[in-house]
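The basis for the numbers below is simple: all heavy atoms, side chains too, and nothing from hydrogens, waters or symmetry mates. Throughout, protein chains are lettered first and strands after them, A, B, ... in sequence-line order, and every chain is numbered starting at 1.
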Amino acid sequence: MATKEYAFYPGCSSQKGASASNYLTSVESMCKTLDVKLTEIPDWNCCGASIGYAEAGELPRHVLNARNFALSEQHMPGKEIVATCAACWLGARETRERLTHSETLMADTREALKESGLEINEMPNIRHMVEVLIEDLGFDEMKKHVVRPLEGVKIAGYVGCQTNRPFGVDGESFENPLYLDKMVEMVGAEPIPDYEQKVTCCGGALAFSEPEKAQAQIKDIVESAYDHGAEMIVTPCPLCQANVEIYQGQVNKRYGTKFDIPVMYYSQLMVVAYGGDAKAAGLNGQVIKARRLEEIAAKPVKR
Amino acid sequence: MTEHVATNETILVVGGGISGMTAALEAAETGKNVVLVEKNPALGGRTSQLYRYFPKLCHPTCGLEINLRRLKGNPRVRVLTLAEVSGIEGSTGNYTVSVKVKPRYVNENCTACGECERAVETMVDDPFNYNLGQHKAAFLPNAMAYPQRFVLDPSIIGTPEADKAKAACKYGAIDLDMKEETIEVKAGAVIWATGWQPYDAAKIQPYGYGRFKNVITSVEFERLADIHGPTGGKILRPSDGKEAKNVAFIQCAGSRDENHLRHCSRICCMASLKQTHYVREKFPEGGKSTIYYIDIRAIDRFEDFYQKVQADPTVTFIKSKVAKITEDESGNPVCWGVDTEGYKRYTTAHDLVVLAVGMEPSVKGINIPGHIASDSSGFIEADPANGAVFGAGCATNALDVNRAVQSATAAALRAIQVVNKVAKAEA
Amino acid sequence: MADIKVAAYICKGCGLGERLDADALVKVAQKDGKVPMAKSHDFLCNADGVAMIKNDIANEGVTHVMIGACSRRAKTEAFHFPENAVARANLREGVVWIRPDTDEARETTQEMAEDYIRMGCAEVKAMTAPEGNPNTGGSKTLLVVGGGITGMTTAIEASKTGYSVVLVEKSGVLGGWAGKLYKRVPVHEPYKSPADTGVADLASQILADGNIKLYLNATIAKTDGSPGKFVVSIATESGATHTEDIGAIVQATGFTPYDMNKLPELGGGKSANVVDQAGLEALAIDAASKDGVIRRPSDGQPVKSVVFVQCAGQRDPTGKHLSFCSGHCCNTSIKQAMYFKDANPDVDTTIIYSDLRTPGNGEDFYRSAQEKGVIFTKGNVAEVVPTGNTSTVKFNDLILGDADASIVDADLVVLATGQVPNSGVNIEAPAVAAEAGAVEVKPISILNLNYRQGPDVPHLKQGFTDSHFICFPYETRRTGIYTAGPVRRPMDIPQAREDATGAALKAIQALENAELGRAAHPRSGDLSFPKVRLEGCTQCKRCTVECPFGAIDEDVKGFPLFNESRCRRCGTCMGACPVRVISFENYSVNTVGAQIKAVDIPDEFSEKPRILILACENDAYPALDMAGMNRIEYSAYVRTIPVRCLGSVNTIWITDALNAGYDGVMMMGCKSGDEYQCHFVKGSELGRVRLSKIDDTLKTLNLESERVRDLEVAITDIQRLPEMINKYAAELVAVGPSPFKGF
Amino acid sequence: MSANTAVADKYRNNFLKEIEEQVEMGDWVKMCMQCGVCSGSCPTNFQSAWEHPPQELFMMIRAGKREEVLTSTSMWNCTSCYNCIVRCPRKIPITHIMHGIAEYAHRIGKAPKMQATRFFSVLFWKNCTNTGRVNELKLSLGLYFKDGFVQGVKNGLAMQSVAIGLIKAGRLNPLELFGGHKCKDQKGIQAMLAKAYEIERVRKAAKMAG
C-alpha cells in the first residue's frame with residue numbers, strides 16, 4: 001500500500017506532557033508501521049470542546065474550528081484532517097456540518113476569520129484516526145503487521161460517547177458498536193462483544209466539576225469490565241481514557257471498590273502487537289500500569 | 001375453481017392477504033374474472049398469522065374460513081401461489097403482466113394426507129411462525145392453508161430427502177422436476193394489495209432486538225399466543241422457555257420516529273391493548289402487562305376497548321418512550337426511561353418485552369415493475385399517473401383490518417370501472 | 001322432483017383404504033343407504049375419480065351424489081357438481097384422522113365410518129339441487145341517501161361503473177358537513193397546510209352527470225320491496241311524492257356534531273367566544289370573505305390567543321357524554337390552529353389534549369403544526385370560565401404535574417366535540433328508553449323501511465350502524481342496504497370517500513346477485529332459498545320475529561311473506577318454525593333429521609353411547625376438521641352434522657335424537673352476545689335461546705339435563721373441542737345410557 | 001415582570017420565542033412531542049436526577065415558565081454524551097439546546113452562580129481561548145481554587161494522588177504553570193474571536209428587536 005497522508009490535528013491533550021501524551025506516542029509508532037504520514041497542522045488551536053459552551057456562544061466556537069480548517073487548507077490543500085481526540089474530531093465535524101448547512105454561519109465565519117488573515121474556500125473532510133484505520137486501511141491490512149499477537153489477554157472495548165454519537169463510525173450501531181472488539185481480535189487478544197457499558201458516558205467534563213456524578217458512571221464502566229473478566233479496557237478517546245483510569249482510586253474511596261484496571265488506547269495495543277517496545281507504545285504513560293502488556297512488549301517478536 | 005383465460009376484462013390482484021382476497025372476491029362476486037397472485041405458498045397473508053383481532057378478540061381465521069369458502073365456490077377467481085409479479089406492460093385497460101412462479105414441487109394431485117411430511121426428516125425455519133420454530137422440509141404452510149397442498153422446501157431438492165418425500169407419496173403429487181417459470185397474464189386493471197411488513201426491529205438499536213432473546217416483536221407475540229404457533233399457544237419466553245407473566249409492551253417501536261418510520265402505524269396501540277388480554281387469558285393468576293406509550297391511539301369506536309383495558313388492574317400504562325433496554329443476569333429485559341407524567345425515573349425488569357413494531361409497506365424499497373406513484377414512506381398514492389393500477393389495503397396506508405377491507409372493496413370498484421369500460425368498448 | 005338416482009362413491013385414498021373396510025362401506029351404502037349405485041375408488045379426487053363421477057352423471061342418469069372421502073372443506077373444487085345434489089361423508093378428518101390406528105379401535109372406527117355413509121346417503125336423498133330464487137327483480141339503479149361527501153362519492157363512483165343513481169338530500173344544497181368547512185386536512189404529501197375541501201368539484205360532477213338523478217330538499221317517505229326491486233317513495237319540499245324503482249341502497253346520512261350546550265363546564269353555550277369545531281369553521285369562512293382575520297364573536301376584535309380543548313364530551317367513561325373518540329378531531333384542531341398561524345404567526349394557539357391521535361401521515365401534519373408554533377399541551381381541561389370578552393381555561397397539566405394550570409385571557413376557546421351518527425330510529429331502543437324512564441325525543445326515520453322489523457337499519461351499541469364484523473365491514477343486517485361514511489363509524493373525509501366507494505361496489509354487487517337469485521354474503525352465491533308450506537303454517541310469527549335480516553314480513557292474513565332477495569340463507573326461520581314448514585332445497589329439517597335417524601344406535605348393553613354433534617359450519621366444523629388434520633383423537637361415539645348456523649337448529653332434531661336413543665347432544669356454535677362472532681348476527685343467540693327452553697322437553701321425556709350441551713366455540717378451538725367431546729362422553733357414561741334405546 | 005404578567009404569559013409563545021431567538025437550536029424546542037426518550041437516555045439523570053429533564057424543560061418553555069427554566073441547574077448536568085440526540089424520534093439536537101439554554105441563562109445572568117459546571121465551563125473556555133490551547137494544569141488549579149484559597153488547597157490535596165499519578169506518568173507537567181503550550185498567532189485568534197462575538201451580538205439583538 002502506498003503511503004497515506006493526512007493533515008494531523010493532535011489536540012491539546014496529546015501535546016507533550018499533557019494528559020494524553022502517551023496516546024500520541026503510540027499513534028506515531030502505529031502510523032510508522034502502517035505507513036501513514038501525519039503532518040501536523042501548523043499552529044492549530046483548541047477545538048473548544050463541548051464543555052466550553054457557557055461562554056463560547058455559537059459562532060466563536062465554529063470560528064475556532066474553522067481556523068484549523070483554514071490553516072490546513074493553507075498548508076496542505078486538499079488533505080483530509082485526521083484527529084485522534086474524540087472531542088477534537090466531534091467539534092471539528094460539528095462545525096463542518098453547521099457551516100455546510102448554513103450560509104449565514106459560513107459568511108459570518110469567513111468574516112471573523114479575516115481578522116486573523118485566514119480564509120476557507122473548501123470544507124475539509126474530518127476523520128477520526130479510527131476511521132482512517134478501518135475505512136482507509138481495513139482490518140486485513142492492519143492485521144498483516146501483527147507480529148506479536150496479544151494472546152490470551154481479555155480486553156473490554158470501551159467506545160464511550162463522542163466517537164460514537166452523534167456521528168459514529170460508519171456502519172456501526174450507536175448502542176453496540178463492534179469496531180473496538182474487532183480491533184482487539186485483530187491484535188490477537190480476546191474481545192468482550194457483550195460488554196454492556198461500552199457506550200456509557202464517562203462523565204465527560206463533569207469529572208472535574210461534579211466528580212461524584214462522573215464517578216458513579218466510571219464505577220459502572222469499570223465494574224462491568226471486571227464482571228466480564230477483562231484484564232484491561234481499551235478506548236479511542238483521551239477523555240474516556242483519563243476519566244476511567246485516573247479516578248479509579250477516588251472511586252475506590254467513594255464506593256469501597258478495589259479497582260485497578262489499566263485503560264489503554266487501541267493504538268497502544270497495536271504498537272505492542274506490531275512488535276513495538278513499551279516506550280514506543282507509551283506504556284510508561286499509564287497511571288495504572290499495564291503489566292501484562294509490558295510483559296508482552298518485552299518478549300521477542302515472532303517472525 | 002376452473003381456470004379461465006385472462007383477457008383485458010380480467011382484474012389482476014397482487015397479494016393474497018385479506019386485502020387482496022377481498023378485492024378478488026368482491027370483484028368476482030360482482031361477475032368479474034380475477035387472477036389472484038400470492039408470493040407465499042398459501043393465501044391469508046399477515047392477518048392469518050394473528051391470533052386474535054382487536055377489539056372483538058375474535059379469530060382472524062374465522063373470517064379467513066368464510067373467504068376461503070367464497071373462493072372455493074367461485075370459479076371466477078384463479079389463484080397463483082408462489083408467484084410474484086415481475087413486470088407490468090401496457091396501459092389502462094390493456095396490461096400484460098409477467099408473473100414469476102416458483103416451483104412448489106407438489107402438484108394438484110396432493111390430498112394433504114401428510115405422508116411426505118412424515119417421510120422427510122430435515123427441519124427448516126417456519127416463516128409462518130416468524131422463524132420462531134421449525135417445520136419439516138415437506139410441509140403444509142399452515143392449518144388453514146389454501147391451496148390445501150403441501151410444499152417442498154427448495155433446500156432439499158436434489159437430496160435424498162426429496163426422494164424420500166416422492167417415494168412416500170402414493171398419489172403422484174410430488175414432481176421434483178418443477179422449474180421456476182414466468183407466465184404472462186392479460187389484465188384490464190391491476191390491484192396492488194401487497195400489504196405490509198413489520199419494521200425491522202433490529203434497527204431500533206437501543207431495544208436490543210436480536211441481542212436480547214427476550215425482546216420480541218408484536219407479530220412474534222401473536223404466534224406465541226396462537227395454538228398453531230411454536231409454543232402451542234403458551235406464552236413462553238425464547239431464552240429459557242420460562243412462562244412470561246410480566247410482559248412489557250413498547251409502543252412506537254419504529255413508528256412516529258424520524259430515525260425509522262415517520263408515520264404512525266395506527267394499529268400498534270390497539271394491538272398491544274389486545275395483547276394484554278393474551279397475558280390475562282394465559283395467566284389468570286400473576287399475569288401483568290405494562291404499556292409504555294407516547295399517545296394511546298385507540299381511534300374512534302376502539303376507545304371502549306382502551307377504557308376496558310385501563311380498568312384492568314393487571315395493566316399499567318406509562319407515558320414514556322422507553323430509552324433503552326438492558327438485560328439482567330437472569331435474562332430479564334430491563335426497561336429504562338422516565339414516566340413523563342410526573343417525571344418518575346424507572347428501571348424495570350420484565351420477563352419479556354414486546355416491541356409494537358411499525359408497519360412498513362411491503363412495496364417499500366422494492367422496485368415495483370411499471371410505474372406506481374408512492375409517498376415518501378413507500379405507500380402507494382392514488383395518482384392518475386398510476387393508470388389502472390390501484391393500491392389496496394396496507395400497501396396504501398397504515399390501516400387496521402376493517403379499513404384495509406374497505407380500501408380493498410373500493411379498489412375492486414375502481415378496477416371494475418376500468419374493465420366495464422373495456423367490455424363496453426368491445427361490445 | 002321426478003326421478004332421482006343416487007350414487008355413492010367411497011374413496012380409499014389418504015389411508016381410508018387401509019384403515020377402513022371399504023367393501024363393507026360400499027355394502028352399507030347399498031343395503032342401509034339403499035343406493036342403487038355404490039363404488040369405491042383408490043383416489044377419488046384425482047382426475048380419474050372425478051371423471052368417473054362425471055361420467056355417471058352424464059351417462060348413467062345419476063342425479064344425487066354421495067361422496068365418502070375427506071371433509072367437505074377439502075377438495076371442494078374437485079367435487080364441484082353444481083347441477084346435482086351432493087352430500088359428503090367425512091371419513092378422513094372426521095373418522096380415521098381422529099381415531100387411533102390400533103386393532104382395538106378398528107371396530108368403533110369402522111362403525112363411525114359406516115354411520116357417516118348411512119347419514120350421507122340419507123341426507124342426499126332428502127335434497128334437491130338448488131335452482132336459485134325465481135322471485136327476483138332487475139332494477140339497476142342505486143338509491144343514495146345523503147348528499148354529503150360520502151353520498152356524492154357513492155353516486156359518482158356508481159355512475160362511473162355504469163349504474164344509474166337516485167341521490168336524495170334533505171337540505172337544499174349538496175356538500176353536507178364538508179360543505180361547511182373552510183378547508184380540509186391535507187391528503188397528500190407534504191401534509192403541511194389545510195387544503196381545499198373538494199366539495200364544489202364533487203357537486204359539479206353530480207350536477208353534470210346525466211346518470212344521477214338528484215332530489216334536493218327531499219326525504220324518503222317509504223321503502224318497500226327487496227334488493228333488485230325496492231320501491232322507494234321520495235317526498236319533496238313541495239309535498240309531491242316521487243316513486244323510484246331501486247336495486248340497492250346506500251345510506252350516507254353522516255353525523256351531527258355533539259351538542260356543546262351539554263358541556264356548560266367547558267363554557268359550551270355560555271359565551272359567544274366558546275365555539276365548537278363547526279363554529280370555528282364558520283368564523284374562518286367569514287374571515288376569509290373579509291380581511292382574513294378571525295375575530296372574536298363577542299366584540300369583533302381579532303383573535304390573539306385561542307385554546308383548543310380536545311375530546312370535549314368524547315371518550316367519556318361516565319356514560320354522560322359520548323363514549324367513543326371521533327377520530328378526526330385532533331387533525332381538525334391542528335388544521336384550525338393553522339388557520340390562525342398561517343394568517344398571523346403571532347397568534348398564540350394551544351391545543352390541550354390527553355392523547356394526540358394523528359394516525360398514518362397525520363403525524364406529518366402534527367409536525368407541521370409544531371413547526372408553525374402551535375403549542376401542544378397534554379392535559380385534562382377541568383373548566384372553561386368565560387368572563388367578559390375572554391375566557392380562562394383551567395386544566396391539569398399532566399406533563400408538568402400542575403393540577404391548577406390555567407390559560408387566562410383566551411380570546412377564543414374551541415371545543416372539539418364529537419360526531420353523533422345520523423342513523424335514524426333505533427329499532428331496538430324502545431325497551432331501553434322505557435327502562436330509563438326518560439322521555440326521549442323520538443328520532444326521525446331515515447329510510448322508512450316498510451319492514452316488519454322496523455323502519456331503519458339496526459344500530460350498534462354506540463348508535464352507529466353496521467357492520468360489527470372486522471373482516472366484513474359492509475355486512476349490514478338489511479340485505480341490499482349499505483351504510484357508508486360517519487354514520488357507520490367516526491371518520492374523516494378521505495376515509496369517508498374510500499368507504500363510499502366500497503359501499504357503491506357492495507350495492508352494485510347486491511343488485512346484480514339479486515337479479516340472479518343468489519345469496520349475498522356470507523353464503524354468497526348460494527342458490528338455495530327458503531320455501532314455505534303455507535298450508536301448514538300456524539301464523540305463530542316466530543320466523544318473522546327471529547329473521548336476523550328482516551327478510552320476512554307478514555301478509556294481510558298474517559302469514560309470513562318471504563322476501564327471498566333479502567334472505568341470507570342462514571336458516572334461522574327454519575330453526576324457529578315449530579311446525580317445520582320452512583326448508584331449503586339442500587338444507588332442511590329433513591336433510592338433517594334423516595341423518596340423525598340414519599345412525600345405527602347400539603343397544604344399552606353395548607356400552608357404546610352415541611352423541612350427536614350439531615356443529616356450525618363456520619367455526620365449529622372447521623375446528624373439528626383441523627383437530628383431525630392435527631390427528632388429535634376424540635371419542636368414536638360422536639356423529640357430527642354440520643349446520644349452517646345454530647340459529648337453523650330446529651329443536652325437533654334434538655328431540656328426535658333423544659327419542660332415537662342418542663345418549664347426548666352437543667351443539668357447537670359461535671359466540672353470541674354483544675361481541676358476537678356469529679356470521680348471521682343473531683343466529684347463534686336465537687339458537688341458544690331455543691335450546692335454553694329444551695329443559696322442559698327433557699323433563700317431559702324424563703331425561704337428565706346433561707343430555708344436551710351447548711358450547712360456544714371458536715375456530716381456534718382445535719384442542720379444546722376434542723377435550724370437551726371426550727369429557728362429555730365420559731360424563732355421559734356416568735349419567736348412564738339413554739332409556740330410549742331400542743324403542 | 002409582575003406576577004400578573006407572569007400568569008398572563010403562561011402557555012403563551014413569548015418565552016418560546018425568546019428561546020428561539022436567543023438560544024442555539026432553540027427553534028427546535030417546539031418540535032418536542034413529550035415522549036421522554038431524552039430524559040430516559042440521560043446518564044446523569046439516572047445517576048443523580050436532574051431537577052427538570054430535557055423534555056420537561058421543553059414543556060416548561062412552552063408553558064412560559066421563564067424563571068424556573070433559566071435559573072434551573074438542570075441543563076448544567078449535561079455531559080455532552082449525545083445519547084438523547086441519537087434517540088430522539090424528532091431528531092431534535094437536544095445536547096446543543098441544553099448547552100444553548102445554559103449559555104443564554106449564563107449570558108443574561110440568570111444561571112445559578114454556584115453551579116460548579118457553569119464555573120468550569122467558563123474557566124475552560126477562557127483557558128483555551130487565552131493562548132489558543134488548553135493548559136491543563138492551570139485549568140485544574142483554577143477549578144480547585146474557585147471557592148477561595150483555603151478550599152482550593154483542600155481540593156488540591158484531595159486530588160493529590162491523581163495529580164501525582166499523572167506527573168509520574170508524564171501526563172501532567174508542573175512547568176505548565178509557567179507558560180506551557182500555546183499558539184503562535186494568539187493575537188489573530190483574539191481578534192477573530194472578538195469579531196465573532198460582535199457579529200453574534202448584533203444578530204441576536206436584531207432578532208430580539210424583531
Of B/Arg262, B/Lys324, B/Gln205, the largest count of non-hydrogen pairs under 4.5 angstrom with chain D goes to B/Lys324
Give the member of B/Val338, B/Asp295, B/Asp339 that has the highest number of heavy-atom pairs under 4.5 Å with chain D.
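Most heavy-atom pairs under 4.5 Å with chain D: B/Val338.
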Can you tell me which of D/Gly36, D/Ser41, D/Ser39, D/Pro53 forms the most heavy-atom pairs within a distance under 4.5 Å of chain B?
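Sorted descending by pairs with chain B, the first entry is D/Pro53.
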I need the residue from D/Cys88, D/Cys38, D/Cys42 with the largest number of non-hydrogen atom pairs under 4.5 Å to chain B.
D/Cys88
Ignoring hydrogens and geometry, is there a side-chain-to-backbone donor-acceptor pair from [X] to [Y] under 3.5 Å?
| X | Y | answer |
| --- | --- | --- |
| B/Arg345 | D/Asn45 | yes |
| B/Lys319 | D/Gln34 | yes |
| B/Tyr343 | D/Trp50 | yes |

Check the pair B/Asn259, D/Lys91 against side-chain contact (heavy atoms from CB on, under 4.5 Å), reporting the backbone distance first and the verdict last.
CA-CA 7 Å; B/Asn259 303 302; D/Lys91 291 193 166 174; 3.2 Å; yes
Heavy atoms of other groups near B/Lys213 NZ, more than 12 under 6.0 Å
no
Would you please test B/Lys321 and D/Arg87 for side-chain contact (heavy atoms from CB on, under 4.5 Å) and show each step?
CA-CA 10 Å; B/Lys321 184 172 172 73; D/Arg87 290 182 189 156; over 6 Å; no
Going from CE on D/Met33 to CD1 on B/Ile294, what distance comes out if it is rounded to the nearest 0.5 angstrom?
4.0 Å
So which part of B/Tyr292 gets closer than 4.5 Å to some heavy atom of chain D, the side chain, the backbone, both or neither?
neither
